[in-house]
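Excluded from the calculations below are hydrogen atoms, water molecules and symmetry mates; all remaining heavy atoms, backbone and side chain alike, are included.
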2 protein chains.
Amino acid sequence: MSGLITLTTDEHAALDRIEERRRQVRKGTVIQHSEERVTELFVLREGMMMSYVLLPDGSRQILRFYFPGEIMGMAGMGYRNAPETLCALADCVVCPFEKAAVSRLMVDHPRLGAMLMAFSQIERAVLTDRLASLGRTSARARVGALLLELHNRLRARDGRGNGTFPLGLTQEEIGDATGLTSVHVNRMLRQLEEDGLITREAGHVTIGDVAALARATHHVDRYAALDLSWLPPAR
Amino acid sequence: MSGLITLTTDEHAALDRIEERRRQVRKGTVIQHSEERVTELFVLREGMMMSYVLLPDGSRQILRFYFPGEIMGMAGMGYRNAPETLCALADCVVCPFEKAAVSRLMVDHPRLGAMLMAFSQIERAVLTDRLASLGRTSARARVGALLLELHNRLRARDGRGNGTFPLGLTQEEIGDATGLTSVHVNRMLRQLEEDGLITREAGHVTIGDVAALARATHHVDRYAALDLSWLPPAR
DNA sequence: CGGGTAATTGAATCTCGTCAAGCTGGGTGG
DNA sequence: CCACCCAGCTTGACGAGATTCAATTACCCG
């Protein structure tokens, strides 16, 4: 949050309290099972995680990837049981906290509450972009758009913009996120490479011309062009 | 909201203030254009609306259908320009209000703010269900799941549960929501009918056995099994 | 240096899209 | 009151894109 607004001392303290408890989780660990009782949310501090649902036939749809600083499990807020599974894609550090802490935050620090609301709407916009991607674009565009999204999210964090980033996903995971099979993901990656839109090397992907790939995949960067001028003043 | 919690007089008044202004819109009218400046949100009072995005090639992805009582345009909260288009599917009545009204609401009535947050998370869960539907299920299941969702949403409003509801959508619109062509939607509707899962007559659809259709389409009712016990007390 | 997971590639198959043609029903104007 | 019109629905034939199945090959970890 501190990247977008200047936090007061009180607000900073309130956010720190939420991240009090720490927990190490190893790659592959599930910290929240779909359909099981949920009382906690998590902040991701280090690593990379994902949320997904499993269908009765065993197929998996990955809903979202999480990077450090993001809140995981918000979708469970309104429900008794978790609507999705949270699983670590790498060794991670997470901070679990109670649902009620969010409601305390909204009472004591309305500006942070409004900020949370804005974030969940940005997340919604990203989700709807993926919906359009799955519903109305080719396999090639879907894979390319996913690479761009990962690139933008990582760049928003570390500031570097040289177009290279560690993939951190198997082709099967890319397939489960884009609604394709791992075999077809492989072919599409190859095609993107042959078209000169990306290069691959040792688990890293390089996007030579971000704008060109964005054009080829109809991708929009939802982490740009924000408007938070309507936020209430800090208390 | 009054269906889920008991509102105080003050809370009721605050919500009424939001719905002060009224506007009639005729079928087909666009009240918010994607990529154009947005300062207002809307409450839908009567009718049925949808939000969608258009891709550069002209294809359309319908993101969501709106029914009376729901807030439209929340996704625009964090942005200067609207990420989606809002269009009336029937003659409607809407109540426009300023973005800042939401932030005032969150300051003055934290419980309503938390409620809004819960709603947006429920909406998120519905969206992720659609994502799984588009990414990992057959055309038949997608169409069936959409019918079930419309049925559940209408039932949540009017209470009737006899399985019959007015469709109010063309097959092309169903296709744009499910990522299919109108031609294939037609075939899938026919197939669902031949399988005895639905019947159609004069623009109305009847779902004989809701549970059976839910099984065939992997559909979950996200408007059931809510947990709002963590909400803060009313101010 | 194994052993297992992930990536790669080819061939056959199937689902869904495309194109094209006819049909139907409700609204409109002569 | 009827003929027409037009959007939406229906159906068939064909093709493209993605899946499935199967078999190697490359890579990472201990």
So, do [X] and [Y] sit near enough that their side-chain heavy atoms are less than 4.5 Å apart?
{"X": "B/V205", "Y": "B/L189", "result": "no"}
{"X": "B/H219", "Y": "B/H151", "result": "no"}
{"X": "A/R155", "Y": "A/D221", "result": "yes"}
{"X": "B/R140", "Y": "B/D195", "result": "yes"}
{"X": "B/L55", "Y": "B/Q61", "result": "no"}

Starting from [atom2] on [N], measure out to [atom1] on [X] and report it in whole angstrom.
{"X": "A/L192", "N": "C/dT8", "atom1": "CG", "atom2": "P", "value": "13 Å"}
{"X": "B/Q171", "N": "D/dT11", "atom1": "CD", "atom2": "C1'", "value": "12 Å"}
{"X": "A/K27", "N": "D/dC29", "atom1": "NZ", "atom2": "C1'", "value": "11 Å"}
{"X": "A/R136", "N": "C/dC16", "atom1": "CZ", "atom2": "C1'", "value": "12 Å"}
{"X": "A/E193", "N": "C/dA7", "atom1": "CD", "atom2": "P", "value": "13 Å"}
{"X": "A/M188", "N": "D/dG17", "atom1": "CE", "atom2": "P", "value": "9 Å"}
{"X": "A/I174", "N": "D/dT19", "atom1": "CD1", "atom2": "P", "value": "14 Å"}
{"X": "B/Q191", "N": "C/dC16", "atom1": "CD", "atom2": "P", "value": "9 Å"}

**Asked** Do the side-chain N or O atoms of A/N186 get closer than 4.0 angstrom to the phosphate oxygens (OP1, OP2) of C/dT8?
**Response** yes
**A/R190 vs C/dG10: side-chain N/O to OP1/OP2 distance below 4.0 Å** =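 False: A/R190 side-chain N/O out of range (4.0 Å or more) of C/dG10 OP1/OP2.
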**Asked** So what does B/S138 hit on the nucleic acid, given a heavy-atom distance under 4.0 Å: a base, only sugar-phosphate, or nothing?
**Response** sugar-phosphate
**Prompt:** A/L180 near the nucleic acid: base, sugar-phosphate alone, or nothing, with a heavy-atom cut-off under 4.0 Å?
**Reply:**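 Here A/L180 touches the backbone only, sparing every base.
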**Selected nucleotide, minimal atom distance to B/H184 side chain, candidates D/dC9, C/dG17, C/dT9** = C/dG17
**Prompt:** Looking at C/dG17, C/dA7, D/dT11, which one has an atom nearest to any side-chain atom of B/V183?
**Reply:** D/dT11
**Asked** So, does the side chain of A/R187 form a donor-acceptor pair with the base of D/dT20 at under 3.5 Å?
**Response**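 Pair found.
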**Asked** Below 3.5 Å, does any donor atom in the side chain of A/R200 face an acceptor in the base of C/dT8, or the other way round?
**Response** no
**Fill in**
Per nearest nucleotide of DNA chain C, the residue lying toward the 5' end, B/R140 or A/L169, is A/L169
**Item:** Which residue lies more 5' along DNA chain D, comparing A/A139 with A/G203 via nearest heavy atoms
**Value:** A/A139
